[in-house]
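Scroll down for the structure; my scribbles are underneath it.
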Amino acid sequence: MARERTISIIKPDGVEKNIIGEIYRRLEAAGLEIVAARMLHLTGEQAGKFYAVHRERPFYSDLVSYMTSGPVMVQILEGDDAIDKNRQIMGATDPAKADPGTIRADFASSIEENVVHGSDGPETARQEIAFFFSDDQICPRTR
Ligand code: GDP
């Protein structure tokens, strides 16, 4: 298993529900380590750029409005198989299809307001890490 880094975002509905700690607990219980974190309120420009891959989708403007509706908590997770592991803990995009016990099954209210984001592959993870963090904001564990 490769040691990887990935981006996790607690979206505005997750921050509103006050479950940052509960989400961190689940990620840490799975062996993932937070090596950087920041809270920010995305601008429309930032959210639009972050989700540019969905530019042509009918839900794009709703997605940008949702992602700018409140602050988000962004973290870099590090660990064995971190990208897939985070996606498994999150559950499927549509909470109705998410496995029981996943974050989205437990907390998401719709296919849009689904509480968390996770990078979907190594290249996306690399791009998303650079989108939110500079190298000197990342703290590799030394113990
Ligand atoms: P993810 O990787 O599981 O987050 O899913 P996607 O990359 O496919 O979609 C990005 C985000 O867009 C999702 O997490 C949802 O917040 C939103 N989204 C995806 N599909 C839909 C949809 O069919 N309708 C709406 N309103 N939002 C969607």
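Every number for a ligand or one of its atoms is a count from 1 in the order of the listing. Just so it is clear, the structure is predicted and the values come from calculations on it, not from any experiment.
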Worksheet item: Is the shortest N/O to N/O distance between Asn114 and ligand 1 below 3.5 Å?
Response: yes

Worksheet item: Do any nitrogen or oxygen atoms of Tyr66 lie less than 3.5 angstrom from nitrogen or oxygen atoms of ligand 1?
Response: no

Fill in: ligand 1 versus Met67: contacting region, heavy-atom distance under 4.0 Å
neither

Worksheet item: Where does Lys11 meet ligand 1, judged by heavy-atom distances below 4.0 Å: at the side chain, the backbone, both, or neither?
Response: side chain

Worksheet item: Under 30°, 30 to 60°, or over 60°: which ring-plane class applies to His54 and Phe59, parallel, tilted or perpendicular?
Response: tilted

Worksheet item: So Tyr51 and His117, would you call those rings parallel, tilted or perpendicular, with 30° and 60° as cut-offs?
Response: perpendicular

same_hphob_cluster([X], [Y]) at 4.5 Å side-chain heavy-atom cutoff:
X      : Y      : value
Val74  : Ile19  : no
Val72  : Met39  : no
Phe107 : Met73  : yes
Leu63  : Ile111 : no

Where is the nearest protein heavy atom to [atom]: which residue, which atom, and how far?
atom                    : result
atom 18 (N) of ligand 1 : Phe59 CE1, 3.6 Å
atom 3 (O) of ligand 1  : Thr93 OG1, 2.6 Å
atom 15 (C) of ligand 1 : Ile111 O, 3.2 Å
atom 4 (O) of ligand 1  : Arg104 NH2, 3.1 Å
atom 16 (O) of ligand 1 : Glu112 O, 2.8 Å

Fill in: The one among Arg87, Glu113, His117 that brings a heavy atom closest to atom 2 (O) of ligand 1
Arg87

Look at ligand 1 and say whether [X] reaches it with a heavy atom at a distance under 4.0 Å.
X     : value
His54 : yes
Asp62 : no
Met90 : no
Leu63 : yes

Fill in: Those atoms of ligand 1 less than 4.0 Å from some heavy atom in Tyr51
10 (C)

Worksheet item: Do other residues, nucleotides or ligands put more than 12 heavy atoms under 6.0 Å from the CD atom of Glu45?
Response: no

Return all side-chain donor-acceptor pairs below 3.5 angstrom for residues 3-16, not counting sequence neighbours, or 'none' if the list is empty.
residue: Arg3; atom: NE; partner: Glu78; partner atom: OE2; Å: 3.4
residue: Arg3; atom: NH2; partner: Glu33; partner atom: OE1; Å: 3.1
residue: Arg3; atom: NH2; partner: Glu78; partner atom: OE2; Å: 3.3
residue: Glu4; atom: OE1; partner: Ala82; partner atom: N; Å: 3.2
residue: Glu4; atom: OE1; partner: Ile83; partner atom: N; Å: 3.0
residue: Arg5; atom: NE; partner: Glu78; partner atom: OE1; Å: 2.7
residue: Arg5; atom: NH2; partner: Glu78; partner atom: OE1; Å: 3.2
residue: Thr6; atom: OG1; partner: Ser119; partner atom: OG; Å: 3.3
residue: Ser8; atom: OG; partner: Gln75; partner atom: NE2; Å: 3.0
residue: Lys11; atom: NZ; partner: Asn114; partner atom: OD1; Å: 2.7
residue: Asp13; atom: OD1; partner: Tyr66; partner atom: OH; Å: 2.6
residue: Asp13; atom: OD2; partner: Val115; partner atom: N; Å: 3.1

Worksheet entry | By side chain to side chain contact (heavy atoms under 4.5 Å, CB included) - contacts of Arg55 (at least two apart) | Ala52, Tyr60

Fill in: Between Ser110 and Glu113, a side-chain donor and acceptor under 3.5 Å
no

